[in-house]
Amino acid sequence: MKSLPRSFYARPVLTVARETIGKILVHDTPEGRVAGRIVEAEAYRGPEDRAAHSYGGRRTARTEAMFGPPGHAYVFFVYGMHWHVNLVTTAVDAPHAVLIRAVEPLEGVELMAARRGLTVGARDLTNGPGKLCQAFAIGKASYGLDLCKGPLFLSPGAEPRVARSPRIGIDYAGDWAARPWRFFERASPWVSRAPSPRGRR
DNA sequence: TGAATGATTTACT
DNA sequence: GTAAATCATTCAA
């Protein structure tokens with residue numbers, strides 16, 4: 001398993017989000033390795049994107065990683081119980097990131113199931129940003145990790161058929177909420193929300 | 001110091 | 001379909 005080079009991340013955030021679909025997310029932990037194919041991701045482009053935490057150039061202890069060099073992990077906590085993981089992209093001082101929303105479990109499935117309190121084979125193991133972080137044991141300790149070094153990294157994968165839709169859970173962002181900045185694998189049963197009947201083609 | 005609020009999940013009605 | 005869980009971060013005072 002080889003990690004993607006930093007040049008993969010040092011590009012426009014929409015490009016990285018699009019190409020993140022189909023890549024393999026790997027996390028080596030003391031309990032063992034877990035890996036999954038990324039089937040859903042969203043782009044956040046601060047400071048102009050109202051849905052992004054870095055909107056308006058807000059640079060705080062929490063958002064600091066997004067302002068750093070590309071190829072690092074931006075990890076944050078919401079709703080009092082859920083962690084989310086992002087890939088920092090583009091360049092230093094460009095607070096852009098790609099939120100990983102869902103993966104297809106490939107390796108370490110038993111470990112994921114144990115962490116989630118579910119049985120192997122469950123389809124809701126990693127089909128959501130909070131769920132996959134729990135399954136992958138991504139949390140506070142993962143903040144700011146260099147994705148080019150591990151233990152958390154992305155690995156090449158086959159190019160899937162990618163579809164787009166508006167982002168999820170950011171209705172407060174006004175016009176920005178309508179932008180189709182969510183990317184997902186069209187045929188995958190592992191996405192957090194199936195394509196809407198109307199949006200399907 | 002205090003109050004408001006989530007890039008969600010889960011359980012219920 | 002709706003609502004509760006639950007707390008770090010943020011902003012106002």
Task: Spacing of Tyr143(A) atom OH relative to dT9(C) atom C1', expressed in whole Å - done: 12 Å
TODO: Let me know the distance between CH2 of Trp83(A) and P of dT9(C), rounded to the nearest Å.
DONE: 7 Å
Open item on the list: Among dT10(B), dT8(B), dA7(B), which nucleotide has an atom closest to any side-chain atom of Ile170(A)?
Closed with: dA7(B)
Task: Heavy-atom side-chain contact between Arg62(A) and Phe77(A) under 4.5 Å - done: no
- [ ] Starting from P on dT10(C), measure out to OH on Tyr55(A) and report it in whole angstrom.
- [x] 17 Å
Task: Member of Arg101(A), Arg18(A), Arg167(A) meeting the salt bridge (charged side-chain N to carboxylate O under 4.0 Å, His left out) criterion with Glu40(A) - done: Arg101(A)
TODO: Would you mind telling me which of dT10(B), dA7(B), dA8(C) lies closest to the side-chain atoms of Phe77(A)?
DONE: dA8(C)
- [ ] Look at Lys140(A) and dA8(C) and indicate whether a side-chain polar atom (N or O) is within less than 4.0 Å of OP1 or OP2.
- [x] no
TODO: Mind calculating the distance between CG (Leu99(A)) and P (dT8(B)) to the nearest angstrom?
DONE: 8 Å
- [ ] Give a yes/no answer on whether the side chain of His84(A) brings an N or O atom under 4.0 Å of OP1 or OP2 in dT8(B).
- [x] no
Open item on the list: Given dG6(B), dT9(B), dT6(C), identify the nucleotide with an atom nearest to the side chain of Val78(A).
Closed with: dG6(B)
Task: Rounded distance in Å - CZ (Phe76(A)) to P (dA7(B)) - done: 6 Å
Open item on the list: With a cut-off of less than 4.0 Å, is there a side-chain N or O of Tyr172(A) near OP1 or OP2 of dA7(B)?
Closed with: yes
Open item on the list: Check the phosphate of dT10(C) against Arg62(A), side-chain N and O only, distance under 4.0 Å to OP1 or OP2. Yes or no?
Closed with: yes
TODO: Using a 4.0 Å heavy-atom cut-off across all strands, classify Asp124(A) as base, sugar-phosphate, or nothing.
DONE: nothing
Task: Any Arg101(A) side-chain N or O less than 4.0 Å from OP1/OP2 of dT8(B) - done: yes
TODO: Take atom OH of Tyr79(A) and atom C1' of dA5(C), then tell me their distance rounded to the nearest Å.
DONE: 13 Å
Task: Nearest-nucleotide pick for Lys131(A), side chain only, options being dA5(C), dT10(B), dA7(B) - done: dT10(B)
TODO: Could you check whether Arg50(A) gets within reach of a base, just the sugar-phosphate, or nothing at all, counting any heavy atom under 4.0 Å?
DONE: nothing
Open item on the list: When both hydrogen-bonding distances must be under 3.5 Å and the geometry is Watson-Crick or G-U wobble, what is dT6(C) paired with, if anything?
Closed with: none
- [ ] Could you state the atom-to-atom distance from NE2 of His82(A) to P of dT10(B) in whole Å?
- [x] 7 Å
- [ ] Respond yes when some side-chain nitrogen or oxygen of Thr60(A) is under 4.0 Å from OP1 or OP2 of dT10(C), and no when none is.
- [x] yes
Open item on the list: Is there a side-chain contact between Leu118(A) and Leu125(A) in this structure, where contact means two heavy atoms from C-beta onward sitting under 4.5 Å apart?
Closed with: yes
Open item on the list: Could you measure the distance from the CG atom of Leu99(A) to the CZ atom of Arg182(A)? Nearest 0.5 Å is fine.
Closed with: 10.5 Å
Task: Rounded interatomic separation in angstrom, taking CZ from Arg182(A) and P from dA7(B) - done: 16 Å
Task: Val88(A)-Val78(A) co-clustered via ILVMFWY side chain contacts under 4.5 Å - done: yes
Open item on the list: Is it the case that dA7(B) (base atoms only) and His53(A) (side chain only) share a donor and an acceptor within less than 3.5 Å, ignoring hydrogens and angles?
Closed with: yes
TODO: Would you tell me if any nitrogen or oxygen in the side chain of Arg58(A) comes within less than 4.0 Å of OP1 or OP2 on dC11(C)?
DONE: yes
TODO: For Gly169(A) and for Arg116(A), locate the closest nucleotide of DNA chain B by heavy-atom distance; then report the residue assigned to the nucleotide nearer the 5' terminus.
DONE: Gly169(A)
- [ ] Could you check which of dT10(C), dT9(B), dA7(B) has an atom nearest any side-chain atom of Thr63(A)?
- [x] dT10(C)
Open item on the list: Looking at Arg37(A) and Pro105(A), would you say the former's side chain and the latter's main chain have a donor-acceptor pair under 3.5 Å?
Closed with: no
